[in-house]
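Report on one structure; see the data block that follows.
Being a predicted model, the structure only gives us computed values, none of them experimental. Side-chain atoms are counted along with the backbone in the values below, which use heavy atoms only and exclude waters and symmetry mates. Throughout, protein chains are lettered first and strands after them, A, B, ... in sequence-line order, and every chain is numbered starting at 1.
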Amino acid sequence: MDLITGLLTTAFLAGGVLALAAIGEVLAERVGIVNLGVEGLMAMGALTGIAAVTATHSPVLGFLAALAVGAIFGAVFAFATVMVKANQVLCGLALTLMGTGLAQTIGRSYSGMPAVATFEPIAIPLLSDIPILGKAFFSQNILIYLIYLILPIGLSYLMFYTRHGMNMRAVGENPAAADAAGISVNKIRFLYVTAGAALAGGAGAYLTLAFVPSWSDGVIAGRGWIAVALVIFAGYRPGMAALSGLLFGLITALGFVGQARGWPVAPAFLSMLPYLGTLGFIIVPVIAWQKMRRAMAAPAALGEPYYRNVR
Amino acid sequence: MIDIRNLSRRGFLNMTAAGGAAALMSGTFARQAFAAPLPAVKEEDAIIGFGHVGPVTDEGWTWAHHQGVLAVKEKYPKLKKILEVENVPYSADATRTYRQFVSEGANLIFDTSSTGDFLHDVVKKSPKVAFMECDGRTDMPNLGWYYLAHWYPTYVIGVAAGMMSKTGKLGYVASFPVPSVFSGTNAFLMGARSVNPQATLQTIVINSWFDPQAAAQAGTALIDNGCDFLFGIMDEAAYLQVAEKRGVWAAMWNTDIRRYGPNSYVSSVVIDFKDFYVDQVGKRLAGTWEPSQTLMAMGKGVDRDKWGEKVPAEVAKAADAVRDKILGGWSPFTGELKDAKGNVKVPAGKTMTEVELYHWDWSIEGVSGLSA
């Protein structure tokens, strides 16, 4: 396999986990809720995935179970932040601590255990014959298609081309106006925070069922936080979130390929790349998106609980 | 002053130990001035402690040590208590863990993966307690160390790799540039070059002993680059799974984990601490324990695993012939050996000593990716 194809193949695989988690976070932040619990949700999802696949030998069931667990934790988080209107940052941190801690405790017996069944690559006829992209993208497992094609396209359409999507964005920009227009703010917020959390759980399962594929404590290794950072870089857009996940995957892949090819760069520097990348992903929007500030800006009501009876 | 290549297998070597290492380098296994041996303990009163780096379920390093713990339990069922703590980090938490062992009254404490200074602080303050550090490099009146002469089975697996690799490009998933990795990569390539002088070895350092994500990516990158035989020093099976998927060979460390890649699995450097732990505990109970330095020989604590199902019979036979030769006293680690820059490091005819092999901190010609 040539350099570019190999790099891209690994980039799609490695970026998938970030892309999926970032898409989930986009959903939550678009309706005005910051969910900092992604790391914990991913840990629980990763564990659920491996536990379910060990029990059922079906990666699809494992993935669905992880979505469900993510949704359950997300619903608790949404109840606290949307209904009770508790502080979103604190609730998110609590969710991260709880998720990683729970996964560590429950996951002891699964530690180091490889998945009995994983998502296998499915080559798409015709498309997989395209040079470079055919091998790098159209010969991957089904989750990759879900993460890079189905979800971004479907969600972009939903968010930007349907009335429901307008309602959803209105809730994130100006919940009071949305409320006055007859949109149920709490219902929409609850729905998308829960859906986003489900995707974060799915991202964890992607790790243990398609990428690694085994569970160990600390397998998420901060990728939940990176996903939160990517959302800002992606300008709160699902398509951009998938792309930035891919870009990030490319950076990590570069580190390994560089070592494999014996590039004259210190290995320590190559392993540093993901973290330098994260820094870049935070700094770039501040500088580069300046002119596009309105298009890429955060939803105006992001992080603010909505009270109908105030003002 | 701190040379990164003097790091021990699982921990960072402190500066004082560097001095101790230098003394050992000269080939002296001499014990330090030694106080009166610790008195005998009745089995019913004895408490033995074990601190592990990972979970006992890892099917690798920690699992193997845990088997040793179970063997101790079986041999000495009346022991008052066996303390076992998993996931001891390389930090002040290690100091706390071992201090806790001491305050619970432990008589003999094993640090199954060198935590260096964090352990030594406790050792110094607890002269009445015996300590053993795996992959340690420091001697104290109540601290000994033990490790495995893993370079011999590694050489044997290297011979098989040299015969089985079609491209002559071998890959190695490394944790840190530490002596275990230097001796592992060097021995592996020397074995391969004994049958294929053109063979080369590419390493990728992933900065962890246990990171399935990174190991899988490293394995993929190596295979993409033409390597068709992977070896490494990981506590999990990720790159074996990659090798299985991509149809190349792989050899592992610690335990028999062939079921994760039955077609790719060639062998493992398998480790066994059962006899050693039983022996040490017995000595401590009898009051004859002394701080010893042990490098377990091939066949006595470390060996190659039973060959994989798909390994051709003639390869297994040839590699086992080399193994028998080594068991008979022959050492493959004989000059002339050159480092990566072409400098002669071991003159022709000179054989490296066990201690030199234990402290190996440079790459031979043909190994790339470890030393800058």
Output the distance between atom CD (B:Gln213) and atom OG1 (A:Thr252), rounded to the nearest 0.5 Å.
9.0 Å
Interatomic distance, A:Arg108 atom CZ to B:Asn87 atom CG [nearest 0.5 angstrom]
7.5 Å
For A:Leu13, is it the side chain, the backbone, both or neither that has a heavy atom under 4.5 Å from a heavy atom of chain B?
neither
Partner chain A: residue of B:Gly226, B:Pro212, B:Gly60 with the largest heavy-atom pair count (under 4.5 Å)
B:Pro212
Counting heavy-atom pairs under 4.5 Å with chain B, the top scorer among A:Pro213, A:Ala14, A:Ala221 is A:Pro213
Distance in Å, B:Ile204 CD1 paired with A:Phe256 CZ, rounded so as to fall on 0.5 Å steps
7.0 Å
Quick one: does B:Asp224's side chain get under 4.5 Å of A:Thr10's, heavy atoms only?
yes
What are the two closest heavy atoms between A:Val212 and B:Gln241, and how far apart are they?
O-OE1, 4.3 Å
Within the side chain of A:Gln259, is there an N or O that forms a donor-acceptor pair under 3.5 Å with the backbone of B:Gly369?
no
Which atoms of B:Gln202 are under 4.5 Å from chain A, going by heavy atoms: the side chain, the backbone, both sets, or neither?
side chain
A:Arg261 to B:Asn225 - nearest heavy-atom pair and separation
NE-OD1, 3.1 Å
Is it the backbone or the side chain of B:Ala215 that comes under 4.5 Å from a heavy atom of chain A, or both, or neither?
neither
Between B:Ser368 and chain A, with a heavy-atom cut-off of 4.5 Å, which part of the residue counts as in contact: side chain, backbone, both or neither?
neither
Mark yes when over 12 heavy atoms from residues, nucleotides or ligands other than A:Ile142 sit less than 6.0 Å from its CD1; otherwise mark no.
no
If one checks every heavy atom of A:Val219 against chain B at 4.5 Å, the contacting part turns out to be both
Using heavy-atom distances under 4.5 Å, tell me whether B:Ala221 contacts chain A through its side chain, its backbone, both, or neither.
both
